[in-house]
Asks: 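Before I ask anything, here is the structure I am working with.
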Amino acid sequence: MRNKRLFILMIGLIVFIAVMGFTLGRTRLTWPEKFLSDTFGTLQGILYRPASAVSDFIGDLSRLSAIQKENELLRQTVAQYAREQVRYNLIEAENERLKKELGFKERQERLYKYRYLIAQVVGRSSNPFDPTIRINLGARDGIKPQMAVTTSDGLVGLVSQVSEFTSTVEPITVLSATTGQGVQIAATILGKEKDSFGIIESYDPETGMLQLTKIDENDPMAPGDTVITSGLGNVYPRGIIIGTVVDRQVGDFGLTEKANVLPAARFDQLQEVFVIVVPDVDAP
Amino acid sequence: MRMNRAVLGGILLIILEYGLVPWLIPPAWSGRLMPHLAFVLMIYVAAFGGRHSGFFYGIGFGLIMDVLNYGSMIGPYAFGMGLAGYLGGLALERRPPALAGMMLATAVSSLGLSHMIYLIYRLFSLTSWSYAFAFYWNILPTMLLETLIALAFYIPVRRFLLKSVPSPPEEPAS
């Protein structure tokens, strides 16, 4: 056979396109993939965390005076929170009492008691089109696909694949209106939950902003407002901070408006994240 | 060329690439600059070991990278690195080049791999980046960084992978 190399190239191309097509939409992993993910995840974790500690230390050294001011500010904030805790306890007790009086069923009572599992980040992907993050909690810790992942600053993404000991998180920076990647977020504004609504559809990597679209013209949203998840759509739990509104302009077709949202969480050098476990209210 | 050492070095580089390199890249560049250390080693393997070694090494480590990066699909890195390993081996196996030639080969292969990954993702409609944006945002900086890494790797890799050649006995002065 004369053109053996071209023949092999053609066969290889067909085989690989078939493999890429088959692996395109699935979430469950086969055991070799789980084994590889777990092995490399554990080894990376051994390296990633000391490196993060060193990087933190060097970062701290270079901002020593800023840290002192931050410390002062944090002391004041903690004192304020301690004062407000008393008021919160009183309001919470009254809320419980009123709910009992209204006769809420047990199902609705358990609905918003989220569990926050803390997870360490053990590595991130090196593919610019698939910027996933790997965390060290897996199926044996109760992680399931499509659980929301946040940091203390804000929403980071959703769990996309789960192995035994590690999981992969797909950040919201892959959201795009033209491709199907990511799950769009139903959002509202903190403080204006009854009046405001929008859908976060895409992320622009150049400006680093999320796009909040389908905003009604009479919506009371303003630059500087905090955007939170609204819980509608049943994928993202409600009340997670997404970011702040930067500006607002007329949308693509002139019927609705859109806004740019600066994400509150950072997606690059993460160390710890929280995985939100929503209780299953339909289980016995 | 010692293939066992090449595979061992490749596994170590993959662990470094996922665990250590994210901390070395400044936050403003973290989505833009993603050097593939195992890929740079593969170019050396292709140059010293020939095209078949380069091909199988590329497919093996490409598959590992695909499974670790598994966000949407498995396949682009396996295919891209296999192809780059084979073509690199084809071009370089007869006379492994010296320093400048090696860096040129790494630059060209890095451009090829990045373009292949970008085109595959465009084919499956998984990214909305325009070509100009992808080029200046990701492909070009990654190529420059990988060429620098190839430069840093040159002497250690030669010593690590090649069996040392004993020097010929000296001729007696006539």
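Just so we're clear, the structure is a prediction, and the values are computed from it rather than from any experiment. Note on naming: letters A, B, ... go to the chains in the order of the sequence lines (proteins, then strands), and numbering restarts at 1 for each one.
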Asks: For B:Phe56, I'd like to know if atom CZ has over 12 heavy atoms of other residues, nucleotides or ligands within 6.0 Å.
Replies: no
Asks: Under 4.5 Å heavy-atom distance to chain A, tell me which part of B:Leu12 shows up: side chain, backbone, both or neither.
Replies: neither
Asks: Quick check: are there more than 12 heavy atoms from other residues, nucleotides or ligands sitting under 6.0 Å from CZ of B:Phe133?
Replies: yes
Asks: Calculate, to the nearest 0.5 Å, the distance between atoms CD1 and CE belonging to B:Ile120 and A:Met20 respectively.
Replies: 4.0 Å
Asks: Name the member of B:Pro35, B:Ala134, B:Pro22 that forms the most heavy-atom pairs with chain A at distances under 4.5 Å.
Replies: B:Pro22
Asks: Against chain B, label A:Pro128 side chain, backbone, both or neither, depending on which of its atoms sit under 4.5 Å from a heavy atom there.
Replies: both
Asks: For B:Ile155, I'd like to know if atom CD1 has over 12 heavy atoms of other residues, nucleotides or ligands within 6.0 Å.
Replies: no
Asks: Under the ring pair (Phe, Tyr, Trp, His ring centres under 6.0 Å) rule, collect the residues that match up with A:Phe16, sequence neighbours excluded.
Replies: B:Phe79
Asks: Tell me every residue that passes side chain to side chain contact (heavy atoms under 4.5 Å, CB included) with B:Leu140, counting only those two or more places apart in sequence or in another chain.
Replies: B:Phe135, B:Met143
Asks: Is A:Leu47 close to B:Leu16 at the side-chain level, that is, under 4.5 Å between some pair of heavy atoms?
Replies: yes
Asks: With sequence neighbours left out, what residues match A:Ile11 under side chain to side chain contact (heavy atoms under 4.5 Å, CB included)?
Replies: A:Phe7, A:Val15
Asks: Please report the interatomic distance CD1(A:Ile46) to CD1(B:Ile15), rounded to the nearest 0.5 Å.
Replies: 8.0 Å
Asks: Can you list the steps and then say if B:Leu126 with A:Leu24 is a side-chain contact (heavy atoms from CB on, under 4.5 Å)?
Replies: CA-CA 10 Å; B:Leu126 287 172; A:Leu24 196 46; 3.8 Å; yes
Asks: Starting at CG of B:Leu123, measure out to CD1 of A:Ile17 and round the result to the nearest 0.5 Å.
Replies: 5.5 Å
Asks: For A:Leu270, is it the side chain, the backbone, both, or neither that has a heavy atom closer than 4.5 Å to a heavy atom of chain B?
Replies: backbone
Asks: Pairs of donor and acceptor atoms under 3.5 Å between chain A and chain B, please, with atom names and distances.
Replies:
unit_1   : atom_1 : unit_2   : atom_2 : d
A:Arg5   : NE     : B:Tyr86  : OH     : 3.3
A:Thr23  : O      : B:Tyr70  : OH     : 2.9
A:Thr23  : OG1    : B:Ile74  : N      : 2.8
A:Thr23  : OG1    : B:Ile74  : O      : 3.3
A:Arg26  : NE     : B:Tyr70  : OH     : 3.4
A:Tyr48  : O      : B:Trp23  : NE1    : 3.4
A:Ser126 : N      : B:Asn69  : OD1    : 3.2
A:Ser126 : OG     : B:Glu17  : OE2    : 2.8
A:Ser126 : OG     : B:His36  : ND1    : 3.4
A:Asn127 : ND2    : B:Tyr121 : OH     : 3.0
A:Asp130 : OD1    : B:Ser72  : OG     : 2.8
A:Asp130 : OD2    : B:Ser72  : N      : 3.2
A:Asp130 : OD2    : B:Ser72  : OG     : 3.2
A:Asp130 : OD2    : B:Tyr121 : OH     : 2.6
A:Arg134 : NH2    : B:Leu68  : O      : 3.1
A:Ser176 : OG     : B:Ser128 : OG     : 3.3
A:Gln181 : NE2    : B:Ser72  : OG     : 3.2
A:Glu206 : OE2    : B:Tyr136 : OH     : 2.9
A:Gln269 : NE2    : B:Pro22  : O      : 3.3
A:Gln269 : NE2    : B:Ile25  : O      : 3.2

